[in-house]
Amino acid sequence: MRYGIIADIHANLEALDAVVGALRDRRVDAYLSVGDIVGYGADPAACIDRLRELKTTVVAGNHDWAAAGRLSLDYFNDYAREAISLTREMLGPEHLKFLAELPPTDIVGDVTLAHGTLYDPVNFDYLLTPYDAHLCFGAQTTRVCFVGHSHVPMAFLLDGTVNYSASSTIELADVEMAIVNPGSVGQPRDENWRAAYAVYDSETAVITLERVEYDIETATSKILRAGLPEVLAERLWLGK
Ligand code: ZN
């Protein structure tokens with residue numbers, strides 16, 4: 001199986017379409033998403049529809065559950081709160097129900113999906129350190145776990161000890177288990193504006209972290225036209 005892994009779309013339809021186009025070119029068999037379909041961007045409904053058309057397996061991100069009223073807004077900063085309120089107005093009951101019903105984790109083949117961490121998925125902590133990864137590995141039963149949330153591509157590899165990796169190619173045959181963040185489709189925060197995604201080929205046991213350019217002019221002008229905070233458009237250009 002070849003999987004396309006999609007994280008933190010954040011209602012950026014132009015970025016999502018570029019990533020889906022790239023994944024089609026790679027002939028992926030199935031699409032997996034680790035959440036935050038909505039929030040920050042101007043196209044929450046269309047992004048949900050795209051994932052459903054592709055029969056994507058999706059787990060909940062904090063923005064998804066917050067938009068659906070399943071998570072307190074206290075958790076968020078002012079910009080995020082404003083975006084979540086506008087996102088709610090842009091979605092009908094059917095889309096909100098879809099977000100509310102997303103599970104916090106899921107397993108597909110030898111892949112686990114979670115948005116923040118696997119050891120406490122409903123609290124949406126950030127997985128950034130080898131210690132965080134150590135705690136996740138304790139809860140992990142599959143060869144690989146994909147996470148999102150930090151919007152920064154990175155991997156942690158368990159091979160006796162836990163090692164951080166910034167490599168764009170991960171060979172699972174070399175390690176016991178791996179946790180991989182593909183980076184964000186719609187709001188990268190590693191100072192690279194290009195949409196991030198990953199491809200996992202379970203036969204060769206290789207994961208590649210990839211980038212693709214997208215129509216950022218359209219995405220940012222839609223954010224401004226929707227009345228979302230200007231900073232949410234500016235940060236897309238900066239990739240942070
Ligand atoms: Zn996010």
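Each ligand, and each atom within it, is numbered from 1 in the order the structure gives.
Contact detail for N181 and H149: the closest heavy-atom pair is ND2-N, 4.4 Å. Counting all heavy atoms, side chain and backbone alike, V38 lies closest to H63 at O-CB, 3.4 Å.
For the Zn ion (ligand 1), protein N/O/S neighbours under 2.8 Å (waters excluded) are D8 OD1, H10 NE2, D36 OD2, H151 NE2.
Residues D110 and Y200 have side chains that bring a donor and an acceptor to within less than 3.5 angstrom of each other. At a cut-off of 3.5 Å, with distance as the only test, a side-chain donor of T142 or T112 sits close to an acceptor on the other residue.
F124 and W65 have perpendicular rings, their planes meeting at more than 60° on a 0 to 90° scale where under 30° would count as parallel.
A donor-acceptor pair under 3.5 Å is formed between the side chain of D29 and the backbone N or O of R2.
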